[in-house]
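Please read the structure below before turning to the comments.
From a predicted model like this one, the values you see are computed outputs, not experimental measurements. All heavy atoms count here, side chains included; hydrogens, waters and symmetry mates do not.
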Amino acid sequence: MSKCRWIMLAASLALFAVLFGIAGCEGPGTAHRSTEGQAPGAVRLNSVPLNQNSLGVTQRFAYSSSYEASPGFDLQSTLQAGQGGSNRFLRRSGRGSLRLNSITPNRMRMSGLNEVEGAHATATSELTLASSSPTDELWIIVQPETASAPKSGEDIPGSGAFMTRLTPDGEPVPVPLEHTSVTGSVAGFVASVNVKQRFHNPYESKIEAMYVFPLPQNAGVSGFVMTIGDRQIRGIVRKRAEAEQIYAAAKSQGHVASLLTQERANICTQRVANIEPGKRIDVDITYYNTLSYMDGWFEFVFPMVVGPRFNPPVLAAAGGGIGAVARGAPGSSRQGTEIQYLAPNERSGHDISLELVIEAGVEIEGVSSGSHRIEVLEESGSSVRVRLAKDDSIPNRDFVLRYRVAGEQIKPGLIVQADADGQGGHIAMLLTPPSGLSDIPRSPLELVFVLDCSGSMNGTPLNQAKAAIERALERLRPQDSFQIIQFSNNASALGNRPLQATEGNIARGKRYLAGLKSGGGTMMIEGIRAALDFPHDPERLRFVAFLTDGYIGNETQILGAMNELLGESRVFSFGVGSAPNRMLMDRMARVGRGVAAYVPLNQPAAPVMDLFLDRVEHAAMTDITLDFAGLNVTEVYPRRLPDLFVGRPVVAIARYEGRAVSSELAKVTVRGRTGGVATEMLVTGAVGLDDASISGLDTVWARLKIRDLVAQSIAAHGDSQRRELGEMVESVALNHGLMSAFTAFVAVDSSRVTEGEHGTTVGVPVPVPEGVRYDTTVNSSGG
């Protein structure tokens with residue numbers, strides 16, 4: 001090994017000795033403060049074990065086994081302040097010796113003796129090293145005793161010096177978010193996605209950038225890296241309050257830092273502090289999620305913009321909503337989370353690129369996107385690589401890509417990911433009901449259509465929703481019944497009970513539908529109560545269809561009311577528009593044992609409603625149970641499996657304990673009832689336990705578990721039960737390194753203090769979703 005590499009290794013080991021209690025240990029909890037060469041508010045080191053440590057600074061080096069270190073190597077070093085390569089040294093007085101006992105891949109064992117201010121201590125430590133990249137670092141900075149977080153109201157986001165393009169030929173001045181790059185890969189029906197946000201500072205003083213953005217509601221965010229030049233700083237998951245304190249301390253001390261928090265299951269806030277003038281900082285987010293499937297088509301969705309939310313008065317008064325304000329008017333909504341929207345004649349410099357590689361495992365027959373223009377770069381049998389067209393890079397609507405696999409219907413299947421030690425793992429099952437269920441005679445239906453007529457639905461969205469309902473009315477049969485309910489500030493209906501589907505009543509329903517207009521707020525709770533809180537005809541299957549963009553801030557209240565009033569109803573949610581609230585749509589369908597569908601603005605609405613009616617006109621498989629053939633399965637999510645409909649499978653992911661046997665995993669028996677008759681189906685699949693391409697199932701499973709706990713919390717009675725469920729969510733998120741409502745990612749570069757005074761907080765303004773009117777949503781703070 002070269003002399004230079006030995007010096008780098010020695011310096012790194014010396015730093016490990018300080019950080020992990022090998023050197024400088026006068027006793028547990030004894031603190032040593034640096035006094036020379038450090039900026040005010042220097043961090044504090046405590047000599048306690050790492051897993052109990054409140055270390056001021058921690059750094060993780062990702063060494064590989066290529067280091068040819070021999071056991072017995074002795075290091076004697078006086079640590080000096082300074083910086084060398086990617087290492088940062090702390091000024092300490094004292095002299096010590098460190099013995100490197102052994103190095104194996106990803107693990108280092110050391111022992112040492114150190115003398116500090118006349119005291120001696122010995123210690124032995126074993127360190128697990130990161131295996132990601134030799135350039136990765138992890139820095140944590142803890143708030144010193146004298147520091148305090150900014151008081152509420154001190155750091156109200158400002159607009160900075162925003163300028164925007166007023167004409168196509170105008171020259172925009174970039175906002176803090178310069179570019180978003182999305183790269184993803186799909187294996188089977190599990191997607192792995194990396195989102196890189198590039199922030200920069202076009203101003204003359206330091207800034208803090210703040211960006212509120214969407215992610216898929218079932219995304220399990222498990223990776224977070226901040227890149228400054230050639231330095232990669234890997235973020236960590238901490239309890240949310242702790243992460244916010246770390247970030248506030250780093251920000252106040254002048255360190256570059258980033259914080260990622262979850263506001264809703266599908267809405268996140270990214271903050272990046274102390275971006276110096278002219279500098280760029282990249283933040284990489286990695287998540288896993290499962291794809292939906294229907295009638296031979298898989299669907300990959302990447303949401304690009306958060307639609308303006310309406311916050312009911314009680315929620316708004318408490319500041320718990322999501323404010324929709326005009327660019328340059330921060331703080332005017334008085335909500336805890338706030339989004340600034342560009343006016344219709346404005347355009348920021350932020351754009352987006354997206355590239356996706358699909359490995360379907362079976363032949364791909366077609367790829368299409370109804371939302372954006374795409375380019376197919378490579379295509380060969382079961383794989384395809386596509387990207388977003390460069391001339392379609394404005395992030396003002398959800399990206400939706402669909403690909404069709406060979407055959408009329410995908411077969412049920414299993415994917416298995418074993419733990420590294422082989423003593424457990426996860427199973428993902430794609431449950432598909434037999435196509436023969438479509439031959440079962442049609443049962444009489446009771447259809448209740450609930451239409452959002454609030455201000456955000458003005459224009460094309462409302463027209464699309466009306467067209468979908470009109471199509472459904474035309475397909476009803478005389479033995480069916482129906483009702484139409486509209487809601488905005490309040491709810492009203494065509495009548496006080498479902499009407500028989502006669503020609504006269506259907507014509508009456510169409511006239512009522514044609515007369516509905518948009519305006520006012522989105523008091524969806526009124527629509528929920530009107531649709532579910534009236535007598536049900538036991539001779540008919542009741543299906544409630546909600547047609548809305550879902551632009552509300554009180555999702556929890558809506559889902560709680562559904563839990564209480566659902567009864568025997570099945571709820572099908574229809575998300576209308578270019579960027580609907582998919583989290584709300586999916587959760588409404590899940591709570592209501594139904595299906596979520598989406599009505600885009602640029603495609604006919606009738607086919608979407610036809611698919612819905614094709615489902616509900618034939619009996620579903622209900623009361624589903626799973627038999628794992630003796631395998632020790634401990635938890636299955638979703639815990640309450642939804643009904644199965646022809647052409648629309650359900651994904652379930654289970655955790656198993658113990659060593660798996662392939663033959664045991666190849667068969668899962670699914671039992672349920674169809675039309676009151678017991679039904680049984682077998683799910684089989686060739687299982688490759690050592691397949692390196694299978695990844696992310698543990699993350700997806702943990703996210704499903706968190707989702708289930710949140711659903712239990714919504715339906716819980718009493719604060720103590722909610723607190724207990726919240727603690728369980730926090731524990732699952734910490735154990736699996738996931739972001740949640742109770743945990744957050746934080747990354748700090750404490751290697752240097754940035755120049756200049758504390759900067760202004762600058763929010764990133766976004767366009768309103770395509771098809772949404774600015775004047776009926778933003779100016780009225782949502783609707």
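To the nearest 0.5 Å, atom CD of residue Glu365 and atom OH of residue Tyr403 are 13.0 Å apart. To the nearest 0.5 Å, atom OG1 of residue Thr743 and atom CD1 of residue Ile236 are 11.5 Å apart. Note that the CZ atom of Arg385 and the CD atom of Glu378 stand 4.0 Å from one another [nearest 0.5 Å]. Here the CD1-SG distance, from Ile285 to Cys268, works out to 6.5 Å after rounding to the nearest 0.5 Å. Note that CZ of Arg593 is 4.0 Å distant from CZ of Arg570, once rounded to the nearest 0.5 Å. One finds the CD1 atom of Ile228 at 5.0 Å from the CD1 atom of Ile281 (value rounded to the nearest 0.5 Å).
Formation of a donor-acceptor pair under 3.5 Å by the Gln464 side chain with backbone atoms of Pro600 is found in this model. Using modelled atom types, no side-chain atom of Ser393 and backbone atom of Asp351 make a donor-acceptor pair closer than 3.5 Å. Between the Arg703 side chain and the Ala219 main chain, a donor and an acceptor come within less than 3.5 Å of each other. Under a 3.5 Å cut-off, the side chain of Asn218 and the backbone N or O of Thr290 do form a donor-acceptor pair.
Residues Pro767 and Val305 share a closest heavy-atom pair of O-CG2, 3.2 Å. In terms of heavy atoms, Gly223 sits closest to Phe745 at N-CZ, 3.9 Å. Between Pro216 and Asn289 the shortest heavy-atom distance is CB-ND2, 3.8 Å. Scanning both residues, Ala605 and Val599, for their nearest heavy atoms gives CB-CG1, 3.8 Å. Annotation for Glu555 and Asn581: closest pair OE2-ND2, 3.1 Å, computed over non-hydrogen atoms. Looking at every heavy atom in both residues, Ser573 comes nearest to Met588 through CB-CB, 4.3 Å.
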Apply salt bridge (Lys or Arg N to Asp or Glu O under 4.0 Å) to residues Arg475 and Asp614 and explain how you reach the verdict. CA-CA 10 Å; Arg475 284 192 50 171; Asp614 289 342; 3.1 Å; yes
Assess the residue pair Met739 and Tyr287 against the criterion (side-chain contact (heavy atoms from CB on, under 4.5 Å)); give the C-alpha distance rounded to whole Å, side-chain angles, the decisive distance to 0.1 Å, and a yes or no. CA-CA 10 Å; Met739 183 178 66; Tyr287 70 81; over 6 Å; no
Val591 and Val571: side-chain contact (heavy atoms from CB on, under 4.5 Å), yes or no, with the steps? CA-CA 8 Å; Val591 171; Val571 172; over 6 Å; no
List the steps and the verdict of ring-ring contact (aromatic ring centres under 6.0 Å, His included) for Phe628 and Tyr656. CA-CA 10 Å; Phe628 290 89; Tyr656 69 87; 9.5 Å; no
Please step through side-chain contact (heavy atoms from CB on, under 4.5 Å) for the pair Gln712 and Met728, ending with a clear verdict. CA-CA 11 Å; Gln712 292 182 55; Met728 293 172 67; over 6 Å; no
Report the C-alpha separation of Arg655 and Glu635 in whole Å, then their side-chain angles, then the decisive distance to 0.1 Å, and conclude whether the salt bridge (Lys or Arg N to Asp or Glu O under 4.0 Å) test is met. CA-CA 5 Å; Arg655 169 74 189 170; Glu635 293 176 275; over 6 Å; no
Might you work through the side-chain contact (heavy atoms from CB on, under 4.5 Å) test for Arg707 and Leu704, ending with a clear yes or no? CA-CA 5 Å; Arg707 188 176 70 180; Leu704 288 174; 3.0 Å; yes
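When side chains are defined from C-beta on, Phe302 counts as touching Val195, because their heavy atoms get closer than 4.5 Å. Annotation: side chain of Leu641 is in contact with side chain of Leu626 (closest heavy-atom distance under 4.5 Å). In this structure, Gln417 and Val700 have side chains that are not in contact, with every pair of non-hydrogen atoms separated by 4.5 Å or more. A heavy-atom distance below 4.5 Å is not found between the side chains of Tyr637 and Ile653. For the pair Ile374 and Ser369, the minimum side-chain heavy-atom distance is below 4.5 Å. In this structure the side chain of Leu377 reaches within 4.5 angstrom of the side chain of Glu355, judged on heavy atoms. With a 4.5 Å cut-off on side-chain heavy atoms, Leu401 and Ile358 count as touching. You'll find the side chain of Val766 stays beyond 4.5 Å of the side chain of Val306, heavy atoms only.
There is no side-chain donor-acceptor pair under 3.5 Å between Asn602 and Glu770. Using a 3.5 Å distance cut-off with no hydrogens or angles, the side chains of His736 and Thr699 do not pair a donor with an acceptor.
The aromatic rings of Phe298 and Phe189 sit parallel to each other, their planes meeting at less than 30°, with 60° as the upper class boundary.
The cationic group of Arg582 lies under 6.0 Å from the six-membered ring centre of Tyr598 and within 45° of the ring axis, placing it in a cation-pi geometry.
Of the candidates Lys196, Gln197, His350, His350 is the only one forming a side chain to side chain donor-acceptor pair (under 3.5 Å) with Thr180.
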